[in-house]
Amino acid sequence: MTVGPILALNAGSSSLKYALLRNGGRLAGGTVARIGEPGEPEADHGGAVVRVLDELARRHPAPVAVGHRIVHGGDRFRRPTVLDDAVLAQIEELSVLAPLHNPPGVAVIRAARRALTGVPQVAVFDTAFHADMPAEASRYALDTATATRYGIRRYGFHGISVRYVAAATATLLDRPLAELHLIVLHLGNGASATAVAGGRGVDTSMGMTPLEGLVMGTRTGDIDPAVAFHLARAGLSTDRIEELYQHRGGLFGLCGDNDMRRVLARAGAGDEAAEQALAAYCHRIRKYVGAYHAVLGRLDAVVFTAGVGEHSPAVRGRALAGLEPLGIVVDPARNAAGPPARVISAEGGRVAVCVVPTDEERGIAEETAAALRPAR
Ligand code: ADP
């Protein structure tokens, strides 16, 4: 039970999503987009925080706690952590592992702590859900001394979303989370697959950084590491190669569009490059579903979430096509029906296929409340 509202702040590279929640209800919420882009009002994340807090203060009770999404918690942060100067300094140090992702979160924390002195604030980590992943899944087969020295292992991301969606799936299926084996497909601009056994992440497609795994909007996902050596020897700089992997790969690299709606429209109109991009995107998902089915041994449900996962029957159907021998059978009519959370698999299929909307801000608020609850 919460007395006052909790503010969830979710910093992206050029956006700030926020929500004010009380006792499970959403009092307010929204997104400040295109932060730092030319011609836009907000020059940086700190300014966006000040604006959001001003607007909220005019209409709503003050938050009693603030939860922040931080992408990378490294080895240090395995659960939500109450912020103080020392914790913030450690999160800043982790920017070495996540130079594109942690700095906006740090900027938001600074601004929020300055504006709301005395209000407890909690960092909630995308990596934490995967912290208990078995070593055989989290280790790269790299020289052990080097891996230890530089913190090189698979951490996994999208954990706030996956935790929330796994719990919501248990509710949807009316079964205890503790007995479910799930594959959660978070398909947004970033995309990942996670194998969840009894509410615990046991394998996940993103690695040391959110670059590994599925084909994404602009990220390559899995690619032979030797491609980077080859390009470097051909004269491309490290920055240029990273740019190709992070911002010029994925759907965008394959067909010039990173928005799945555009890719689908073009493919539907017979555009060959868009069709190939879509085929590669769905093939990669299917491959991970098969792999994680094997990792989990028994599979109860495949769960789609985030922008593409929640809204594209075409991608859902195509990604799981041909998996009928594994007991995964999508019902076309259920797949095409509208939201919200629902089962889209055929009657009698061994594996449930589900669409479950994610809500990262609610996940942040729930984890924040739990972190501030007095220890039992
Ligand atoms: P983020 O990862 O930034 O939170 P979202 O989860 O909102 O992003 O997902 C964004 C992606 O969802 C975009 O690629 C967009 O094209 C896709 N998307 C949104 N609506 C649809 C739709 N109706 N059909 C297909 N793709 C969609």
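Counting starts at 1 for both ligands and their atoms, in listed order.
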Give the residue, atom name and distance (to 0.1 Å) of the protein heavy atom nearest [atom].
atom: atom 17 (C) of ligand 1; answer: Val308 CG2, 3.6 Å
atom: atom 20 (N) of ligand 1; answer: Arg261 NH1, 3.7 Å
atom: atom 8 (O) of ligand 1; answer: Asn189 ND2, 3.4 Å
atom: atom 23 (N) of ligand 1; answer: His311 CB, 3.3 Å

Would one find an N or O of [X], backbone or side chain, under 3.5 Å from an N or O of ligand 1?
X: Lys17; result: yes
X: His186; result: no
X: Leu187; result: no
X: Ala306; result: no

### Task
Report, as yes or no, whether the 6.0 Å neighbourhood of atom CZ on Arg175 holds more than 12 heavy atoms from other residues, nucleotides or ligands.
yes
### Task
Step through the shown structure and confirm whether more than 12 heavy atoms of other residues, nucleotides or ligands are within 6.0 Å of OH on Tyr140.
yes
### Task
For Gly188, counting its heavy atoms only, list the atoms of ligand 1 lying under 4.0 Å from any of them.
2 (O), 5 (P), 6 (O), 9 (O)
### Query
Of all the atoms in ligand 1, which lie at a distance below 4.0 Å from a heavy atom belonging to Met260?
14 (O), 16 (O), 26 (N)
### Task
Rounded to the nearest 0.5 Å, what's the gap from CG on Leu320 to CG on Leu185? Could you check?
7.0 Å
#### Entry: Identified side-chain contact (heavy atoms from CB on, under 4.5 Å) partner of Thr194 from the options His130, Met133, Met206
His130
#### Entry: Lys/Arg N to Asp/Glu carboxylate O, Arg262 vs Asp271, below 4.0 Å
no
### Task
Determine whether the aromatic ring centres of His72 and Phe77 lie less than 6.0 Å apart.
no
#### Entry: Met260 vs Leu278 side-chain heavy atoms within contact, under 4.5 Å
yes
#### Entry: Pairwise side-chain contact, His186 with Val165, heavy-atom cut-off 4.5 Å (strictly under)
no
### Query
Arg350 side chain to Val329 main-chain N or O, any donor-acceptor pair under 3.5 Å?
no
### Summary
Heavy-atom proximity to atom 18 (N) of ligand 1 ranks first, among Pro313, Gly307, Ser161, for Gly307
### Query
Out of Asp259, Leu251, Thr305, Val263, whose heavy atom is nearest to atom 16 (O) of ligand 1?
Asp259
### Query
Would Asn258 count as a contact of ligand 1 if the rule is a heavy atom under 4.0 Å away?
yes
